Peer 1: 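Input: one structure, supplied below.
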Number of protein chains: 2
Amino acid sequence: MSHVKCKGHCYTCPVRHQSIFSELPEESLEATIQDFHTSVLTFESGETLFRQFDDSSESAYTLRKGLIKVTKSLPDGRTQIVRILVAGDLFGFDGFANESYNNTAIALTDCEVCRLPMAELAVLRKSTPEIDQSMVARLIKNIRQSEDMLLELGAKKASEKLASFIMRLSLSDQNLSFSVDALDSAPASEWSKLHLSRSEIGSLLGLTIETVSRFFSDWKRKGFIKEEKGSIQILDATALKNAACTQGACN
Amino acid sequence: MSHVKCKGHCYTCPVRHQSIFSELPEESLEATIQDFHTSVLTFESGETLFRQFDDSSESAYTLRKGLIKVTKSLPDGRTQIVRILVAGDLFGFDGFANESYNNTAIALTDCEVCRLPMAELAVLRKSTPEIDQSMVARLIKNIRQSEDMLLELGAKKASEKLASFIMRLSLSDQNLSFSVDALDSAPASEWSKLHLSRSEIGSLLGLTIETVSRFFSDWKRKGFIKEEKGSIQILDATALKNAACTQGACN
DNA sequence: CGTGCGGTTGAGGGAGATCAACTAAAGTGG
DNA sequence: CCACTTTAGTTGATCTCCCTCAACCGCACG
């Protein structure tokens, strides 16, 4: 189960400069936030933070540490990962639009989150317009990422999806939250931690576990990528890119 | 080409109550908006309003009349429709996050849009926090729709995609912007205007034109749907639903 | 030591893409 | 007005990518 670690302290927060409070000047921070009852919760890998259709009026969250997958499911159980959250990401904000959660949040690793009570946040928003301002910017980025994913899912072949997935990983160690821009420029020589299982990669890209496994194996045999103990490395970025294309796609 | 119809007038705006200015009280509207140089533009069906990677610092838009498709494309030309805008929708807001347009907007029908100059809007946001407030709410709805689409594209089969597409159409004549909620309750007996060509439906759902055509024909033969002069009608909603499932999906 | 879970690999089939021919409707230009 | 082209849509035949089903491996864990 989730565990309340302590009351949240913005001063010590590892992601304060990335949070929705980032625009607040240091000195006013104390005044505005002091009776704001945030608390830091920890979740173990695999735990569910909230579920689709749960009432969202209670709280929104900021991820301080770890990774979280955000999913949606069909009645029969088929599941789509719609987003992967990294440190600094705001999530569970459906309450801002008076809606219940539209998705399910599950910890991919052990995590630490800051819980923001909606009721107090609503008051704070009124008095501190900077919050909405920085929310707008991050919501727009969220939309851009979702649109990028729509293109991935709707228009690409399996090999292309997987190749660009791997290349995105290597762009930034943390860059599980996807923006597709400038995929070309990846020099890509370092190890990147792969936090997802084969079935999670499949659920993210709309593929089966076997298809994911097959392409990975193939590319490892051909020397395009290397994998070791949950980490992955690109050995030949251009070959990988071409592989994605010649294996049925492009031209 | 686009054509400037006139200076925008919020008082006469058909979508004022749905716009980002909807929270502004009537009396302050005049004062806040009066030196705001909005203009109403018209576009003919097929015209492009802006393109991905265009500089977005100039303006954002509100759709007053008509329908617009928002698309993203791969280098080789494959195109995904990521959203369909209806009257009242705000779009082209990438400038709020200091980014260039992430997508392309093309008129599906003759349209009328209100152009909001970014520079002035930025000033107005500072002085009028209600704007950001209502932006937050509508951006969240946008995200929810995108996530719903991710589930459609990533997890569903062709027949399911098409069936729920048709059912969404019939939910609201205007409801080309998709929220998947409560698809069950559709009584669906009226005609709905189908504003999309077969190839556009395909581009929206990640299918080919032929696949779309085949299912439509099949369902028409079976008497589940009827089509006439660009409009579509559901004759047997439960059969349609089942068809989507038995034709390879579900169970 | 067995059991379960994540991953790999193979064989086969089927959903949907591709290629192609054809129809119907709509514009174009004499 | 009619011949011509163009465009959207339908339908068929074929192909192929990816899913499905299945067996199997390695490893962690009780």
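Each chain gets a letter, A, B and so on, in the order the sequences are listed, and its residues count up from 1. Since this is a predicted model, take the numbers as computed values, not measurements.
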Peer 1: When you check the gap from the basic side-chain N to the acidic O, do Arg198(B) and Glu227(B) get nearer than 4.0 Å?
Peer 2: yes

Peer 1: Tell me yes or no: between the side chains of Thr109(A) and Ser45(A), is some donor less than 3.5 Å from an acceptor?
Peer 2: no

Peer 1: Give the rounded distance in Å between these two atoms: CG of Leu162(A) and C1' of dT8(C).
Peer 2: 15 Å

Peer 1: Nearest-Å distance, CZ (Phe215(B)) to C1' (dA17(C))?
Peer 2: 13 Å

Peer 1: Check the distance between dG26(D)'s C1' and Arg198(A)'s CZ and give it to me in whole angstrom.
Peer 2: 14 Å

Peer 1: Check the pair Thr79(A) / Thr71(A) against side chain to side chain donor-acceptor pair (under 3.5 Å), numbers first and verdict last.
Peer 2: CA-CA 7 Å; Thr79(A) 296; Thr71(A) 70; 5.7 Å; no

Peer 1: What is the distance from CD of Glu227(B) to P of dA24(C), rounded to the nearest Å?
Peer 2: 16 Å

Peer 1: Give a yes/no on whether any side-chain N or O of Ser217(B) is located under 4.0 angstrom from OP1 or OP2 of dT11(D).
Peer 2: yes

Peer 1: With Ile68(B) as reference, evaluate Ile84(B), Leu49(B), Leu108(B) under the side chain to side chain contact (heavy atoms under 4.5 Å, CB included) test and give the passing residue.
Peer 2: Leu49(B)

Peer 1: Taking the nucleotide of DNA chain D with the nearest heavy atom to each, does Lys220(B) or Val212(A) sit closer to the 5' end?
Peer 2: Lys220(B)

Peer 1: Does a salt bridge link Asp89(A) with Arg83(A), judged by any charged N lying under 4.0 Å from a carboxylate O?
Peer 2: yes

Peer 1: Any salt bridge between Arg78(B) and Glu160(A), counting N to O under 4.0 Å?
Peer 2: yes

Peer 1: Please report the distance, rounded to the nearest Å, between CG in Leu153(A) and P in dC18(D).
Peer 2: 13 Å

Peer 1: So, Lys222(A) and Asp218(A), do they make that salt bridge, N to O below 4.0 Å?
Peer 2: yes

Peer 1: Could you state the CD1-P distance from Ile201(A) to dG6(C), rounded to the nearest angstrom?
Peer 2: 13 Å

Peer 1: Just the rounded figure in Å: distance from P of dT10(D) to CZ of Arg221(B).
Peer 2: 10 Å

Peer 1: Checking all strands, does Gly230(B) fall into the base, sugar-phosphate, or nothing category for heavy-atom contacts under 4.0 angstrom?
Peer 2: nothing

Peer 1: Starting from P on dG16(C), measure out to CD1 on Ile209(B) and report it in whole angstrom.
Peer 2: 17 Å

Peer 1: By nearest heavy atom, map Leu207(A) and Lys229(A) onto DNA chain D; which one lands nearer the 5' end?
Peer 2: Leu207(A)

Peer 1: Can you pull every protein N or O that's under 3.5 Å from an N or O on nucleotides 18-21 of chain C?
Peer 2:
residue : atom : partner   : partner atom : Å
dT18(C) : O4   : Arg214(B) : NH2          : 2.9
dC19(C) : N4   : Glu210(B) : OE2          : 3.1

